[in-house]
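These notes are about the structure you will find just below.
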Amino acid sequence: MDYNKLAELLFPHIKGTPEQIEERFPKRELPEGAKVTRIAPSPTGFMHFGTLFPARIAERLAHQSGGVFYLRIEDTDSKREVKGAEKDIIETLAYYQIHFDEGALADEKEFGIYGPYRQSQRGEIYQTYAKQLVREGRAYPCFTTEEELEALHATDKKAEIKNRDWHNNPDTEKENIKKLRDITYEEAEEQVKKGNPFVLRILSDGDPEKKTPFTDLIKGKLEVPENDEDFVLLKSDGIPTYHFAHAVDDHLMGTTHVIRGEEWLPSLAKHIQLFRYLNFKLPKYMHIAQLMKMEGNSKKKLSKRDNGAAVSDYRENGYPPVSVNEYVMTLLNSNFEEWRMANPEKPYTEFPFSIKKMSTSGALFDFDKLNDVSKNAISRMTADEVYEGVIEWANEYDKDFAEKLSADEEYAKKILSIGRYGKKPRKDFAVWKDVKPYMSYFYDDIFEREAEIDGRFEKADVKAVFEKFAESYNENDDNNAWFEKIKNISESLGYTSDMKAYKQNPDGFKGNVGDVSGFIRIAITGRVNSPDLHEIMRILGKERVLVRLKNAAEAL
Ligand code: GLU
């Protein structure tokens with residue numbers, strides 16, 4: 001068989017050679033040890049929480065080593081493509097500050113010299129390598145005849161041509177393979193003349209009895225049986241399969257480390273073979289286990305429909321991107337939290353991420369942990385940062401609240417400063433959604449009394465507390481002077497300020513100073529618990545404090 005002739009017959013429109021393509025993709029000039037990584041999502045759905053994992057790992061490994069991280073859109077399956085998915089990928093990466101150095105940008109644009117970064121625009125490149133494989137007798141066309149097409153008509157033609165593989169029909173498999181592999185030039189020519197479509201298959205030389213040793217950077221040492229399947233390289237429309245596009249693209253784009261989901265592990269044998277056929281250096285691989293969740297007492301894979309799976313939910317619920325990023329880091333490296341405690345001020349990007357510290361089984365997704373991490377992350381922010389985060393979220397999801405906040409920015413920031421600085425900052429918020437209920441008593445129109453004063457206290461006493469406190473209230477009092485007044489009011493009404501004495505003889509008093517400040521707290525904030533009451537009152541201002549006391553007295 002004259003393979004050159006066959007190659008011309010199948011790919012008459014391809015004039016260039018692999019050598020010419022290689023020239024368009026020069027070897028990257030990078031420092032020793034620099035890693036080139038990528039994220040290569042298919043725009044077939046919206047970003048999944050799990051996708052942040054390989055993306056973050058790839059980004060960290062590249063940037064920690066002075067290398068390059070890029071985004072390639074794997075849009076070879078137009079049928080499964082979801083409108084808006086590509087935009088979502090690009091926006092989500094930006095939102096979570098997973099910055100890439102090259103790749104697809106919004107509005108069909110891109111950046112970098114190793115493009116196109118959308119596989120749908122690289123048809124000629126793949127076909128050039130495909131033609132070369134045919135020339136070398138390493139790949140052959142497999143035609144679908146008119147009759148077969150007819151038979152497939154009821155179903156989905158293209159999908160069937162693409163998916164039909166040798167294992168569909170074990171009885172006739174051997175015969176078929178032989179017949180199809182031994183296609184003659186004349187047979188192929190006849191089919192081409194009839195206009196019958198073909199897929200291009202690899203002519204596999206593998207023997208599954210033989211095993212290739214292989215080291216995955218996460219899974220460790222593996223033995224991969226050789227591939228013996230004549231898998232499809234190009235579909236009938238000339239578009240490559242994932243396997244073929246992966247080999248060609250990661251070679252040309254200079255990827256040193258392929259970080260991808262473990263669902264690709266079974267395809268590894270195909271990729272090893274393909275890189276060998278194409279004379280490409282095999283990159284290093286990391287196959288990441290799927291995220292897990294607890295269901296009762298057992299671990300289950302976190303599915304796309306599970307709560308927490310859609311990345312967009314995090315934004316909607318008001319998790320700041322930094323919280324999600326910190327949480328991803330805790331899931332990726334078991335020593336991140338320890339590092340975080342020792343380095344509370346540093347950005348998480350300074351953490352020395354290490355492949356060795358990754359768990360080989362799936363990380364466990366857990367909302368409680370996420371909330372905890374988020375509370376800590378928010379507690380480390382300045383009031384200005386919190387304000388920016390909340391207002392950005394509220395502008396999108398709670399317009400009324402956004403208006404309230406921006407009507408008096410200074411006031412809002414004072415509220416957000418309460419208990420913020422110092423050794424043990426308050427941890428009131430896990431999500432921006434928590435801020436409104438937390439702040440509500442600072443705004444008269446949404447203030448609601450949520451707690452009532454315990455009925456065991458005499459109303460007259462409570463009323464007297466409110467009146468006396470209002471009379472003596474001076475907003476310039478410091479914390480001590482302020483509390484001194486509450487103590488005095490307590491004593492004057494038969495409530496002790498001596499906690500020790502109270503404990504020894506609770507029946508000897510109407511109550512204690514804690515009860516009295518509790519009355520005031522409920523009057524002012526409507527709640528049993530609140531941050532520092534003295535500070536709250538200073539922020540509210542005297543006028544509001546007096547009105548609240550008066551209203552509370554009237555409501556008794
Ligand atoms: N497009 C593939 C996917 O979305 C990419 C896998 C890879 O990173 O190589 O699963």
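For clarity, every value in this text was computed on a predicted model and none was experimentally measured. Excluded from the calculations below are hydrogen atoms, water molecules and symmetry mates; all remaining heavy atoms, backbone and side chain alike, are included.
- Phe367 and Tyr327 have their aromatic ring centers separated by at least 6.0 angstrom.
- The two residues Asp228 and Gly206 come nearest to each other via the heavy atoms CB-O, 3.5 Å.
- Under 4.0 Å is where a charged nitrogen must lie from a carboxylate oxygen, and between Arg340 and Glu338 no such pair does.
- Residues Asp306 and Lys293 are in side-chain contact: their nearest non-hydrogen atoms beyond the backbone lie under 4.5 Å apart.
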Asn371 vs Tyr319, side chain to side chain donor-acceptor pair (under 3.5 Å): CA-CA, chis, key distance, verdict: CA-CA 9 Å; Asn371 288 337; Tyr319 285 100; 2.5 Å; yes
Intermediate values then yes/no, side chain to side chain contact (heavy atoms under 4.5 Å, CB included), Gln97 and Asn325: CA-CA 9 Å; Gln97 292 150 11; Asn325 287 338; 4.1 Å; yes
Side chain to side chain contact (heavy atoms under 4.5 Å, CB included) between Ile202 and Arg138, intermediate numbers included: CA-CA 6 Å; Ile202 194 168; Arg138 296 258 195 205; 5.7 Å; no
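- A donor-acceptor distance shorter than 3.5 angstrom exists from the side chain of Ser303 to the backbone of Arg305, with no hydrogens or angles considered.
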Verdict with reasoning, Asp313 to Phe49, per side chain to side chain contact (heavy atoms under 4.5 Å, CB included): CA-CA 10 Å; Asp313 287 353; Phe49 183 78; over 6 Å; no
Stepwise salt bridge (Lys or Arg N to Asp or Glu O under 4.0 Å) check, Lys433 with Glu316: CA-CA 9 Å; Lys433 247 187 195 168; Glu316 202 170 318; over 6 Å; no
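- Residue Glu350 places its CD atom among more than 12 non-hydrogen atoms of other residues, nucleotides or ligands, all under 6.0 Å distant.
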Intermediate values then yes/no, side chain to side chain contact (heavy atoms under 4.5 Å, CB included), Thr349 and Gln64: CA-CA 9 Å; Thr349 43; Gln64 258 178 210; over 6 Å; no
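- Pairing each heavy atom of Leu200 with each of Pro141, the nearest pair is CD1-N, 3.9 Å.
- The distance from atom CD of Glu262 to atom OG of Ser361, rounded to the nearest 0.5 Å, is 9.5 Å.
- Across every non-hydrogen atom of Ile183 and Glu187, the tightest pair is CA-OE1, 3.3 Å.
- Inter-residue side-chain proximity for Phe365 and Met294 is flagged as unmet; no heavy-atom pair is nearer than 4.5 Å.
- Ring centroids of His243 and Phe275 are separated by 6.0 Å or more, keeping the two rings apart.
- A salt bridge does not link Glu124 to Arg122: none of the charged side-chain nitrogens sits closer than 4.0 Å to a carboxylate oxygen.
- Asn317 and Tyr397 share no side-chain donor-acceptor pair at under 3.5 Å.
- Here the side chain of Glu74 pairs no donor or acceptor atom with the backbone of Ser42 at under 3.5 angstrom.
- The 12-atom threshold is not exceeded at CD of Glu392, counting heavy atoms of other residues, nucleotides or ligands nearer than 6.0 Å.
- The aromatic rings of His13 and Phe11 sit tilted, their planes meeting at an angle between 30° and 60°.
- Side-chain N/O atoms of Thr255 and Tyr70 include a donor and acceptor closer than 3.5 Å.
- Within a 6.0 Å sphere centred on NZ of Lys284, other residues, nucleotides and ligands contribute 12 heavy atoms or fewer.
- Judged by distance alone, the side chains of Asp216 and Tyr285 never bring a donor and an acceptor atom under 3.5 Å apart.
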Stepwise salt bridge (Lys or Arg N to Asp or Glu O under 4.0 Å) check, Lys369 with Glu337: CA-CA 11 Å; Lys369 183 79 200 169; Glu337 281 182 272; 2.6 Å; yes
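- Residues Arg315 and Tyr96 bring no donor and acceptor atom of their side chains to less than 3.5 Å of each other.
- By the ring-ring contact (aromatic ring centres under 6.0 Å, His included) test, Tyr126 pairs with no residue at all, sequence neighbours left out.
- A donor atom on one side chain and an acceptor atom on the other are found under 3.5 Å apart for Gln273 and Asp205.
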Verdict with reasoning, Asp75 to Gln121, per side chain to side chain donor-acceptor pair (under 3.5 Å): CA-CA 9 Å; Asp75 54 353; Gln121 295 167 17; 5.9 Å; no
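- Residues Leu302 and Met292 form no side-chain contact, since every pair of their non-hydrogen atoms from C-beta on lies 4.5 Å or further apart.
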Check against ring-ring contact (aromatic ring centres under 6.0 Å, His included), His48 and Phe46: CA-CA 6 Å; His48 184 261; Phe46 291 90; over 10 Å; no
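- In this model, a donor atom of one side chain and an acceptor atom of the other lie less than 3.5 Å apart for Glu136 and Gln132.
- Using a 4.5 Å heavy-atom threshold, the side chains of Asp230 and Tyr140 count as touching.
- No side-chain heavy atom of Arg276 sits less than 4.5 Å from a side-chain heavy atom of Leu282.
- Judged by the 6.0 Å distance and 45° axis criteria, Lys5 is positioned over the aromatic ring of Tyr185.
- Counting heavy atoms from C-beta outward, Thr256 and Pro283 have side chains that stay 4.5 Å or more apart.
- Summarising the geometry of Ser65 relative to Lys35, their closest heavy-atom pair is OG-N, 2.9 Å, with the distance given to 0.1 Å.
- Here the side chains of Glu108 and Arg118 are in contact, with some heavy-atom distance below 4.5 Å.
- Put simply, the side chain of Tyr277 gets close to the backbone of Leu203: a donor and an acceptor are under 3.5 Å apart.
- In this structure, a donor-acceptor pair under 3.5 Å is present between the side chains of Tyr117 and Glu102.
- A donor-acceptor contact shorter than 3.5 Å links the side chain of Asn395 to the backbone of Ile391.
- Between Lys235 and Pro240 the shortest heavy-atom distance is CE-O, 3.4 Å.
- No donor-acceptor pair closer than 3.5 Å links the side chain of Glu396 to the backbone N or O of Trp393.
- Judged by distance alone, the side chains of Tyr242 and Asp77 never bring a donor and an acceptor atom under 3.5 Å apart.
- Across Leu52, Leu364, Leu291, Val373, a single residue satisfies side-chain contact (heavy atoms from CB on, under 4.5 Å) together with Leu331, and that is Leu291.
- The shortest side-chain heavy-atom distance between Leu252 and Tyr129 falls under the 4.5 Å cut-off.
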Derivation and outcome, salt bridge (Lys or Arg N to Asp or Glu O under 4.0 Å), residues Glu81 and Lys79: CA-CA 6 Å; Glu81 207 158 308; Lys79 272 220 186 80; over 6 Å; no
Salt bridge (Lys or Arg N to Asp or Glu O under 4.0 Å) assessment of Glu326 paired with Arg380: CA-CA 12 Å; Glu326 293 255 337; Arg380 287 191 295 269; 3.2 Å; yes
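- Ring-plane geometry between Phe280 and His251 is classed as parallel, the angle between the planes falling under 30 degrees on a 0 to 90 degree scale with a further cut at 60.
- The aromatic ring centroids of His63 and Phe353 lie 6.0 Å or more from each other.
- Val322 and Ala377 make their closest contact through CG1-CB, 4.5 Å (heavy atoms, listed as atom of the first residue, atom of the second, distance).
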